[in-house]
Engineer: 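Below is the structure I would like to discuss, written out as structure tokens.
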Amino acid sequence: MLLATARRAALVPLVVAVVVTVLVSVVGALVAAPTASAATDGGRFAGTVRLPGCSGSVVRWPAALDTDRAVVLTNGHCVRRPFLGAREVLVGHRRWTRVELLDGLGRVARVGRAVRLQYATMYRTDVAVLRLRDTYADLARAGVAPLVLAAEGPSRGDRIRIPSGYWTEQRACTTTGTAYRLHERMWDWWSSIRLPARDGCAIRGGYSGSPIVSRQTGLVVGIANTGYVGGRRCIDSACEENRRGRVVMRRGMNYGQQTSWLLGCLDAGRTFDLDVPGCRLPKPRR
């Protein structure tokens, strides 16, 4: 189930069903030109964020200025209870959310506020973009280093790590490709990244929104969002559908969502805009 957790202090195993039982809802930075070495030298928790019940990461758009407001990525299911609808899209909502910005060692370097929910959806993907009151220059002075998004998602056999700002712990494994479609209750996600628990990615509640980072490049290739807990197929745990329509529930498989799609929705590499030609993210219904 979705990997958000109800309370920071709740020591729960992997999440619970959304409808039954307990609802426990699921590197160094590159201020100028990103490099793989810079992304891996800042510490495993560089750029990670602790949100209420979830994790996240500070990211910097390709052409962002130091004076631009910083951006945090997390899951769409982390920004509202009850969860967003199957085809719901939120754009430009005022939001006051406490965020703890971590340094590479997992220490709180700065406590900030997200002042605007620029985008959130659980349709086709599970992502939210929060704009902070702080600028990238503010974060740099506090020792917070943003992460950088990869232009493409991971391929089968890629080595990745998942640092959780919520727990200040990390999982690492090798991806086993992507699921054509992923279904969980009313939600439908595309090209979801497989994160095998038995290979090291046994993530739990609170990992929602954690960046999935390539261990080769140090770039963010996705965000964790849901996991296997057993129970009813496509309800208590997500199930996969292939291109031929065959549906299976994979025991011990966790999942993440693509983040490269966000880069296709940037105006000149700096401003998030759903009207940019080629943007693949869903828009609000008119």
Engineer: Whether D66 and R60 form a salt bridge (side-chain N of Lys/Arg under 4.0 Å from carboxylate O of Asp/Glu) is what I want to check.
Structural biologist: yes
Engineer: Can we say R194 and E240 salt-bridge, meaning some charged N sits less than 4.0 Å from an Asp/Glu carboxylate O?
Structural biologist: yes
Engineer: Passes side-chain contact (heavy atoms from CB on, under 4.5 Å), V99 versus V58? Steps please.
Structural biologist: CA-CA 10 Å; V99 293; V58 180; over 6 Å; no
Engineer: Under 3.5 Å, is there a donor-acceptor pair between the side chain of R171 and the main chain of A202?
Structural biologist: yes
Engineer: What pair of heavy atoms forms the shortest contact from A46 to L147, and how long is it?
Structural biologist: O-CD2, 3.4 Å
Engineer: I'd like to check E152 versus V221 (side-chain heavy atoms, cut-off strictly below 4.5 Å). Are they in contact?
Structural biologist: no
Engineer: Which heavy atom of C201 sits nearest to which heavy atom of I160, and what is that distance?
Structural biologist: SG-CD1, 3.8 Å
Engineer: Give me the atom names and distance for the closest heavy-atom approach of V79 to A120.
Structural biologist: CG2-CB, 3.9 Å
Engineer: Quick one: does L90's side chain get under 4.5 Å of L84's, heavy atoms only?
Structural biologist: yes
Engineer: Using the side-chain contact (heavy atoms from CB on, under 4.5 Å) rule, take R94 and R116 through it: C-alpha gap first, then chi angles, then the decisive distance, then the call.
Structural biologist: CA-CA 4 Å; R94 291 179 65 87; R116 182 163 292 274; 3.8 Å; yes
Engineer: Under 4.5 Å between any side-chain heavy atoms of M122 and E88, yes or no?
Structural biologist: no
Engineer: Please tabulate, one pair per line, all N/O donor-acceptor pairs under 3.5 Å involving side-chain atoms of residues 270-277, not counting sequence neighbours.
Structural biologist:
unit_1 : atom_1 : unit_2 : atom_2 : d
R270   : NE     : D68    : OD1    : 3.4
R270   : NE     : D68    : OD2    : 2.8
R270   : NH2    : D68    : OD1    : 2.6
D273   : OD1    : D275   : N      : 2.9
D275   : OD1    : K283   : NZ     : 3.1

Engineer: Nearest 0.5 Å, what's the CD1-CG distance between I203 and L195?
Structural biologist: 5.5 Å
Engineer: From F45 CZ over to T168 OG1, what is the distance, rounded to the nearest 0.5 angstrom?
Structural biologist: 5.5 Å
Engineer: Is there side-chain contact between V144 and D103, with at least one heavy-atom pair below 4.5 Å?
Structural biologist: no
Engineer: For the CG atom of L149 and the OG1 atom of T259, what is their distance to the nearest 0.5 Å?
Structural biologist: 5.0 Å
Engineer: Distance check, rounded to the nearest 0.5 Å: T74 atom OG1 versus L51 atom CG?
Structural biologist: 5.0 Å
Engineer: Checking R181 against W189: charged group under 6.0 Å from the ring centre and within 45 degrees of the axis?
Structural biologist: no
Engineer: About how many Å separate CZ of R251 and OG of S237, when rounded to the nearest 0.5 Å?
Structural biologist: 9.5 Å
Engineer: With a 4.5 Å cut-off on side-chain heavy atoms, are L132 and V72 touching?
Structural biologist: yes
Engineer: Can you see which heavy atom on L266 is nearest to which on P62, and at what distance?
Structural biologist: CD1-CD, 3.5 Å
Engineer: Could you tell me if the side chain of Q257 sits less than 4.5 Å from the side chain of L182, heavy atoms only?
Structural biologist: yes
Engineer: With no hydrogens and no angle check, just 3.5 Å: does a side-chain donor-acceptor pair link Q258 and T125?
Structural biologist: no
Engineer: For the residue pair S191 / T178, report whether a side-chain donor-acceptor contact shorter than 3.5 Å exists.
Structural biologist: no
Engineer: Please report the C-alpha distance between Y207 and I162 in whole Å, then the side-chain angles of each, then the deciding distance to 0.1 Å, and finally whether the side-chain contact (heavy atoms from CB on, under 4.5 Å) criterion is met.
Structural biologist: CA-CA 8 Å; Y207 267 83; I162 310 173; 3.9 Å; yes
Engineer: Taking only Lys NZ, Arg NE, NH1 and NH2, and the carboxylate oxygens of Asp or Glu, determine whether E100 and R50 approach each other closer than 4.0 Å.
Structural biologist: yes
Engineer: Do the side chains of E241 and R243 get close enough for a salt bridge, i.e. N-O under 4.0 angstrom?
Structural biologist: no
Engineer: Do P163 and P211 have side chains that approach each other closer than 4.5 Å (heavy atoms only, starting at C-beta)?
Structural biologist: yes
Engineer: Looking at A172 and R215, what are the two nearest heavy atoms and their distance?
Structural biologist: CB-NH1, 3.7 Å
Engineer: If we only count heavy atoms from C-beta on, is the N75 to C54 side-chain gap below 4.5 Å?
Structural biologist: no
Engineer: Using the rule given for salt bridge (charged side-chain N to carboxylate O under 4.0 Å, His left out), can you reason through R69 versus D134, listing the C-alpha separation, both sets of side-chain angles and the distance that settles it, and then say yes or no?
Structural biologist: CA-CA 6 Å; R69 299 287 180 90; D134 308 273; over 6 Å; no
Engineer: Checking N225 against V127 for the side-chain contact (heavy atoms from CB on, under 4.5 Å) test, could you report, in this order, the C-alpha distance in whole Å, the side-chain angles of both residues, the deciding distance, and whether it holds?
Structural biologist: CA-CA 9 Å; N225 82 308; V127 68; over 6 Å; no
Engineer: Can you see whether R131 engages Q118 through a side-chain donor-acceptor pair at a distance of less than 3.5 angstrom?
Structural biologist: no
Engineer: Please check if any side-chain donor atom of Y228 sits under 3.5 Å from a side-chain acceptor atom of R250, or the reverse.
Structural biologist: no
Engineer: How far does CD of E184 sit from CD1 of I235, to the nearest 0.5 angstrom?
Structural biologist: 10.0 Å
Engineer: Would you please indicate if the ring centroids of F83 and W187 are separated by under 6.0 Å?
Structural biologist: yes
